[in-house]
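In the text below, chain A, chain B and the rest are named by the order of the sequence lines, each starting its count at 1. Values below: every heavy atom of this structure, side chains too, minus hydrogens, waters and symmetry copies. Since this is a predicted model, take the numbers as computed values, not measurements.
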There are 2 protein chains.
Amino acid sequence: MNNQGRTAGLPTLEDVARQAGVSTATVSRCLNNPAQVTEATRARVMEAVEKLRYTPNFGARALAARRTNTYGAVIPTMENAIFARGVQAFQDALASIDSTLLVASSNYEASVEESQIRNLVARGADGLLLIGADRDPAIYDFLAERGIPVVLAWAIGNQPGVSFVGFDNEAASRKLAEKALKLGHRRIAYISAQSIHNDRARARVEGVRAAMKAAGLDPQSLRLVETHYSIKRGKAAFHTLMEGEDRPTLVMCGNDVLAVGAVMAAREMGIDVPGDVSVTGFDDIEIATVVSPPITTVHVPHRKMGNLAAQALLRQTLEGKPPETICLETEIAERASLGPVG
Amino acid sequence: MNNQGRTAGLPTLEDVARQAGVSTATVSRCLNNPAQVTEATRARVMEAVEKLRYTPNFGARALAARRTNTYGAVIPTMENAIFARGVQAFQDALASIDSTLLVASSNYEASVEESQIRNLVARGADGLLLIGADRDPAIYDFLAERGIPVVLAWAIGNQPGVSFVGFDNEAASRKLAEKALKLGHRRIAYISAQSIHNDRARARVEGVRAAMKAAGLDPQSLRLVETHYSIKRGKAAFHTLMEGEDRPTLVMCGNDVLAVGAVMAAREMGIDVPGDVSVTGFDDIEIATVVSPPITTVHVPHRKMGNLAAQALLRQTLEGKPPETICLETEIAERASLGPVG
DNA sequence: GCACGATTTGTAAGCGCTTACATTCCGAAA
DNA sequence: TTTCGGAATGTAAGCGCTTACAAATCGTGC
């Protein structure tokens with residue numbers, strides 16, 4: 001458009017070189033590999049850089065170096081805090097080596113995620129952070145073909161060629177369910193995210209079923225509601241569950257956001273938590289402690305996961321190391337929303 | 001590093017041109033200005049693009065076109081939802097014209113913000129979204145020198161050469177204070193963010209003082225605590241305020257996160273809200289409705305603000321229009337945390 | 001004081017794309 | 001049929017940087 005004037009007149013490497021009386025190669029080295037340059041010349045070059053207020057041109061640099069120092073992340077949503085902490089940690093780790101993170105969100109839609117991935121690749125992402133493993137194999141081919149390292153977080157899986165930094169969703173969920181079963185709960189309902197294209201959501205449900213089975217219950221008796229992740233949907237789902245006969249005594253939720261919705265709905269309906277119904281969450285985000293009663297949930301070490309994911313990705317990208325799998329431990333954050341069956 | 005193999009073998013414009021039997025210029029036009037190309041050739045080119053799975057190289061494109069279609073935003077924090085909705089709307093608006101947003105956070109620190117701004121500029125941001133107006137003038141010079149359009153959001157000010165898309169923090173805060181004064185509150189405290197480098201925080205306090213003055217109270221009698229924005233800090237601040245003699249009957253907070261902290265602290269201390277003390281927030285984010293009692297707060301039209309900010313920025317960047325100022329209306333979200341003085 | 005290897009610096013060839021300008025093509029008017 | 005003008009396409013010159021390779025410079029041991 002009208003950008004003739006935009007960059008016009010901005011100093012270039014060549015300007016700096018001329019000003020400092022050296023070649024462009026030397027200036028470039030000063031900026032990227034200071035060790036290769038004499039103290040004296042470096043000082044002279046830096047002075048010129050300062051004087052001209054030079055800033056390297058990103059596009060040119062990316063083109064010439066065939067690396068952008070930019071990484072991409074596609075997360076399902078930014079609108080609640082589920083991924084915020086982990087992504088923040090991921091970003092911090094990248095920032096410490098002067099790389100930047102491009103974040104995009106898919107709204108839990110596979111097609112949107114795919115186009116976001118393509119977009120990030122087109123923008124030269126040196127590596128990608130994605131959530132979960134459950135997507136079209138063609139995407140992995142696409143990424144592999146372009147040699148782009150990928151780390152999948154929030155889950156563990158067996159996709160070849162990519163790193164995993166996550167935790168065992170099924171085991172974590174099972175552990176929580178076992179605890180609830182010990183408290184005497186038998187009529188159990190589960191409010192889950194849409195399980196299509198969401199391996200984490202499925203694994204969490206499976207964990208509960210496994211615990212039920214181990215306790216001698218029929219896993220098929222689990223009342224399952226699938227919905228989108230939001231407080232509003234959580235409320236609605238809880239309503240649905242409580243309307244019928246044979247109310248559950250325990251409503252487990254696929255994440256804390258849904259659980260918050262459930263607890264709020266209970267309050268509106270005059271149902272006591274955990275007196276009449278217990279509620280559990282998953283994730284342990286701040287909001288779980290804000291609602292009353294605070295929610296018993298699975299604590300996921302988000303920060304640590306984000307940090308380790310960055311490390312793993314950088315090992316692949318910068319050092320050419322092979323993909324790896326890191327499985328983190330989760331624990332149960334015991335709070336007030338889960339109690340003995342009333 | 002070991003990136004020889006990275007992009008090696010990836011199809012380039014030239015490959016596509018050869019495959020389609022046209023020149024690189026034609027391929028480029030197909031991709032950027034389809035109208036300039038015959039239906040027939042376009043089809044042929046697109047077929048070649050598909051076949052080769054061609055993706056344009058971002059760096060090369062940026063270098064040649066002198067435009068990146070990338071915008072930058074520096075927000076104080078990602079860790080709570082204060083800016084999430086607005087930034088998401090901003091991003092959506094950009095995405096609809098195939099531009100991307102780079103988001104960085106400054107943790108409310110001026111020096112971090114500055115380096116983030118420089119970083120985004122170095123990465124070729126075509127325009128910038130920043131929060132509030134209160135920063136070193138040298139930054140505005142730097143940006144102006146490089147001809148980078150800027151829109152400041154969440155506030156209104158008079159910085160020349162930049163757009164504003166925000167609301168009147170002082171007026172909004174005053175309106176809320178007036179409402180509280182009508183309910184009989186006289187002993188008032190305010191939990192604010194650090195006001196240094198934060199024009200919004202200062203304006204909100206000033207609004208309360210103005211209302212007090214108008215009601216015949218001494219504005220200096222406002223008990224002010226400054227702290228960082230977090231639930232924890234909000235709790236601590238509330239504790240401090242309630243420890244002394246002469247407890248306030250109203251604790252106004254600089255944002256909802258602090259207010260949530262205050263309400264939670266009250267519950268822990270056995271202080272009834274709003275029976276013993278009223279609490280107010282600012283922003284109207286989801287968490288304000290989750291805590292009990294839900295928080296009376298200033299509703300800020302975040303989504304709208306983000307969307308309009310994008311529009312304004314694009315008008316400057318793409319159409320070369322001059323900066324503009326858009327002031328949005330806020331309203332009070334009346335909920336249960338504000339009541340008559342007990 | 002000299003030869004030699006190590007270190008520092010310079011030269012110049014692209015990286016893959018956009019776009020001004022030149023050329024070719026085509027249909028309509030004469 | 002010829003001519004002309006506009007639309008479609010091609011040619012090629014960079015955009016600003018990195019880096020392989022070549023050249024120059026330096027310090028060292030003899």
Side-chain angles (χ1 to χ4, degrees), chain A residues 1-45 48-49 52 54-69 121-124 126 146, chain B residues 1-45 48-49 52 54-69 121-124 126 146:
Chain A
M1 309 288 154
N2 74 322
N3 282 42
Q4 315 89 339
R6 245 310 294 290
T7 38
L10 279 192
T12 71
L13 237 214
E14 206 179 328
D15 296 328
V16 177
R18 199 175 310 121
Q19 170 80 28
V22 298
S23 72
T24 60
T26 300
V27 178
S28 174
R29 282 189 280 256
C30 274
L31 266 27
N32 301 305
N33 257 318
Q36 287 181 22
V37 166
T38 304
E39 178 61 37
T41 21
R42 197 188 326 159
R44 209 143 35 90
V45 168
V49 167
L52 265 38
Y54 169 75
T55 332
N57 176 304
F58 173 72
R61 187 175 252 190
L63 183 58
R66 312 165 130 271
R67 206 167 351 100
T68 59
N69 290 326
V121 169
R123 280 172 184 278
D126 288 339
R146 283 173 167 59
Chain B
M1 310 286 153
N2 75 323
N3 281 43
Q4 316 90 336
R6 244 310 293 292
T7 40
L10 279 193
T12 70
L13 238 212
E14 206 178 328
D15 296 329
V16 177
R18 198 174 313 118
Q19 169 81 28
V22 297
S23 72
T24 61
T26 300
V27 178
S28 174
R29 281 190 280 256
C30 274
L31 265 28
N32 301 306
N33 257 318
Q36 288 180 22
V37 165
T38 305
E39 178 61 38
T41 18
R42 197 188 325 159
R44 207 143 36 90
V45 169
V49 167
L52 266 39
Y54 169 74
T55 332
N57 176 303
F58 173 73
R61 188 175 252 192
L63 184 57
R66 315 171 125 264
R67 207 169 349 101
T68 59
N69 291 327
V121 169
R123 278 171 186 278
D126 289 338
R146 282 172 166 61

Ignoring hydrogens and angles, write down the donor-acceptor pairs under 3.5 Å from the side chains of residues 22-30 of chain B, residues two or more places apart or on other chains.
from, atom 1, to, atom 2, distance (Å)
B/S23, OG, B/A25, N, 3.4
B/S23, OG, B/T26, N, 3.4
B/S23, OG, B/T26, OG1, 3.3
B/S28, OG, B/N32, ND2, 3.4

**Study point:** Below 4.0 Å: OP1/OP2 of D/dG10 and any side-chain N or O of B/T26
**Key:** yes

**Study point:** Set of side chain to side chain contact (heavy atoms under 4.5 Å, CB included) partners for B/T68, sequence neighbours left out
**Key:** B/F58, B/A62, B/T70, B/D126

Exercise for review: Using a 4.5 Å cut-off on heavy atoms from C-beta on, say whether the side chain of B/L31 contacts that of B/Y54.
Suggested key: yes

Check your understanding: Contact class for A/T12 (heavy atom, under 4.0 Å): base, sugar-phosphate, or nothing?
Key -> sugar-phosphate

Revision key, fill the gap. Out of D/dC17, D/dT9, C/dT19, minimum distance to the side chain of B/T38 belongs to D/dT9

Point to revise | B/T12 OG1 to B/L52 CG distance, which is reported to the nearest 0.5 Å | key: 8.5 Å

Study note, to complete from the structure: Overall bend of the helix from C/dG1-D/dC30 to C/dA30-D/dT1 (five pairs an end, 10° steps) is 40°

Review point. How many angstroms lie between atom CG of A/N33 and atom CD of A/Q36, to the nearest 0.5 angstrom?
Key: 4.5 Å

Practice item. Select base, sugar-phosphate, or nothing to describe what B/Y54 touches, counting heavy atoms under 4.0 Å on all strands. Key: sugar-phosphate

Revision key, fill the gap. Looking only at C/dT18, C/dT9, D/dG16, the nucleotide nearest the A/T41 side chain is C/dT9

Revision key, fill the gap. B/A64 has its side chain closest, among C/dT9, C/dG16, D/dT18, to C/dG16

Point to revise | Nearest-0.5 Å distance, CZ of residue B/R44 to CD of residue B/Q19 | key: 11.0 Å

**Study point:** Which residues share a side chain to side chain contact (heavy atoms under 4.5 Å, CB included) with A/A60, sequence neighbours left out
**Key:** A/N57, B/L63

Point to revise | Partner residues of B/T55 under the side chain to side chain donor-acceptor pair (under 3.5 Å) criterion, sequence neighbours left out | key: A/R146

Review point. Looking at C/dG16, D/dC17, C/dT9, which one has an atom nearest to any side-chain atom of A/A60?
Key: D/dC17

Review point. Quick one: salt bridge (Lys or Arg N to Asp or Glu O under 4.0 Å) partners of A/R42, sequence neighbours excluded?
Key: A/E39

Check your understanding: Counting side-chain heavy atoms from C-beta on, which of C/dC17, C/dG16, D/dC17 comes nearest to A/N57?
Key -> D/dC17

Exercise for review: Between D/dC15, D/dT18, C/dT8, spot the one nearest the side chain of B/R66, thanks.
Suggested key: D/dC15

Exercise for review: Look at the side-chain N and O atoms of B/S28 and state whether any lies under 4.0 Å from the OP1 or OP2 oxygen of C/dT18.
Suggested key: yes

Pull out every protein N or O sitting under 3.5 Å from an N or O of nucleotides 20-28 of chain D, one pair per line with the distance.
none

